[in-house]
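Within every chain, numbering begins at 1; the chains are lettered A, B, ... in the order of the sequence lines, protein sequences first and strands thereafter. What you see below is based on every heavy atom in this structure, not just the backbone, and it leaves out hydrogens, waters and symmetry mates.
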Protein chains: 2
Amino acid sequence: MAVTDEAIRKIKDMILSGDLTPGQRLPPEKELSERLGLSRNSLREAVKALEVIKVLDVRRGDGTYVTSLEPELLLEALSFVVDLHQDHSIIEIFEVRRVLEPYAAGCAATTISDSDIIRLRNMLDSVDASTSVEDLVTHDLEFHRLINRAGGNDYMANLLESLSSSTVRARIWRGVTQEGAVARTLEEHRAIVSAMESRDSEMTRSWASIHVGGIETWIRRAVAGSNEKGDD
Amino acid sequence: MAVTDEAIRKIKDMILSGDLTPGQRLPPEKELSERLGLSRNSLREAVKALEVIKVLDVRRGDGTYVTSLEPELLLEALSFVVDLHQDHSIIEIFEVRRVLEPYAAGCAATTISDSDIIRLRNMLDSVDASTSVEDLVTHDLEFHRLINRAGGNDYMANLLESLSSSTVRARIWRGVTQEGAVARTLEEHRAIVSAMESRDSEMTRSWASIHVGGIETWIRRAVAGSNEKGDD
DNA sequence: GTAACCGAAAGGTCGGATGTTTAGTATCAC
DNA sequence: GTGATACTAAACATCCGACCTTTCGGTTAC
């Protein structure tokens, strides 16, 4: 295509070459547009595109900056995309989770701090079968996030977080609640924490696998069911 | 923030609610901008942003369409982001690959077709230690792509493809070539294919693990080395 | 020393004009 | 009738210039 896409590429190249470093401020739109040889409007389209994928940070009245480019930030954009995936992809996404989460949990079993284990315990104590769906989603998100981060691979943790967007999580917990399976699911959470407390990588991995795998099976059934009803 | 971001959200919502379906054409920019209550310029920024993450497809002289929203398309945008990651993240990214690829390869061992195995064999025969770096990168990309796709999880395959962007792959193979380790690396490729030929999931998985793990180790050394030289 | 003020700079938004490309239609040659 | 060609309307691409709002930092008043 043309000028705007070229501008995107040029800005990316400036970052890759080191002309622009994380945190650095870009020239004003007017100046940059002149330098890159396009109008301010067109440049703004390029900047906007780089902003939504968290490469640039535009501060009104101040200037435009290169973000930290941390995986956390860049992968955040991925959740926007995951939201758009349909039933079919949801299953595949879950299979990815099923492979990665047990691995991360297993790593975490040997590296997690005692204080983090206490935090996990407190989380578990704050929910039960009578907790609202919204709170269960929040709990679930924080629970898995803490474990994933404790695994030591930030990229993997962020990736997993993006893969299980809140809208998907909400849908799942709504289903889990309807099936009255909340207690069992939370029991699995407890088993994971217990295994980590024992610093048992293998058991942690297995419980995490059972936990995510169980939800995956539930989703497969749910999707198959909605397809039968023609709700594809 | 403001009008542009709101427009992005509204368009996303239209897709999520089913008002806009994959392949459908959006109203002309002028009309849509009026309907959403913002200027055409601002709307274009929103459209551009959704275009770079492959949600919209803008065809000049024709119109703007919702893409297929296939994972393949949406994850493609991820490689843009992966390109921007630095040494530190590269290692973490590779650890993700090391977990996922053996799994995918193990699945593929039981599902891959005979003709695909033949294609893999042909690929292997087309390269050796004297092949150029560029061709090795292409070979490597196609080799792993075929196996990952044969694993049956398209989302995972696309994710893996995005995670190992071509620039990263190029960097790796340049290093592998310099170390004279091309023959050994290609030998690992052969071992993976042989295991798949025997329909041996376990062996396939193990060889894939050894293969990716070996490269990961090499990268860790390379990054550590460049850090020592202050080339961070 | 502090707080309020002010102005320059930067991004946010807009409207309109003009260029380019595309799809579709109408027309013409065979 | 069929195929190729020419035309036209629609839609995106790009630009210009204007004006608004926000932010930062220096200045002034107390």
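The side chain of A:T64 lies closest to C:dG11 when the candidates are C:dC14, C:dG11, D:dA13. For B:E29, the side-chain atoms get nearest to D:dC12 when compared with the rest of C:dA10, D:dC12, C:dG15. Picking from D:dT14, C:dG11, D:dC12 the nucleotide with the shortest atom distance to the side chain of B:V58 gives D:dC12. For A:N41, taking side-chain heavy atoms from C-beta onward, the closest of the listed nucleotides D:dC15, D:dT14, C:dA10 is D:dC15. The side chain of B:R60 lies closest to D:dA13 when the candidates are D:dC16, D:dA13, C:dG12. Nearest nucleotide to the B:P28 side chain, out of D:dA11, C:dT13, D:dT14: D:dA11.
For A:R44 and C:dA10, the CZ to P distance is 14 Å, given to the nearest whole Å. Here the P atom of nucleotide D:dC12 and the CG atom of B:L32 are 9 Å apart, to the nearest Å. Atom CD1 in B:I8 sits roughly 12 Å away from atom P in C:dG12 (whole-Å rounding). Rounded to whole angstrom, the span from the CG atom of B:L56 across to the C1' atom of D:dA13 amounts to 16 Å. Distance A:K48 NZ to C:dA10 C1': 15 Å, rounded to the nearest Å. Following rounding to the nearest Å, B:E31 (CD) and D:dA10 (P) show an atom-to-atom distance of 13 Å. In this entry the distance linking CG of B:L36 with C1' of C:dT13 reads 15 Å, nearest Å. Remark: P of C:dG11 and CG of A:L43 are 9 Å apart, rounded to the nearest angstrom.
Residue contacts shown for A:D62 are limited to sugar-phosphate atoms, with no base heavy atom under 4.0 Å away. The residue B:R59 sits close only to the backbone: its heavy atoms come under 4.0 Å of sugar-phosphate atoms, none of a base.
Using modelled atom types, one side-chain atom of A:E92 and one backbone atom of B:D154 make a donor-acceptor pair closer than 3.5 Å. A:N148 places a side-chain N or O within donor-acceptor distance of the main-chain N or O of A:H144, the cut-off being under 3.5 Å.
Mapped onto DNA chain D by nearest heavy atom, B:K30 and A:R40 fall at different nucleotides, with B:K30 at the one closer to the 5' end.
Listed pair A:S42 / D:dC15 meets the phosphate criterion, a side-chain N or O lying under 4.0 Å from OP1 or OP2.
Using a 4.0 Å cut-off between a side-chain N of Lys or Arg and a carboxylate O of Asp or Glu, A:D13 and A:R9 qualify as a salt bridge. Ion pair A:R149/A:E161 flagged as a salt bridge, since at least one NZ, NE, NH1 or NH2 atom sits closer than 4.0 Å to an Asp/Glu carboxylate oxygen. Remark: B:D62 does not engage B:R60 in a salt bridge, criterion side-chain N to carboxylate O under 4.0 Å. In summary, A:D5 and B:K48 engage in a salt bridge, as defined by a charged side-chain N under 4.0 Å from a carboxylate O.
In this structure, B:F143 and B:H189 have parallel ring planes: the angle between them is below the 30° cut-off, well short of the 60° mark.
In this structure, the side chains of B:L50 and B:I11 come closer than 4.5 Å at one or more pairs of heavy atoms.
Rounded to 10°, the angle separating the first-five-pair axis and the last-five-pair axis of the helix from C:dG1-D:dC30 to C:dC30-D:dG1 equals 0°.
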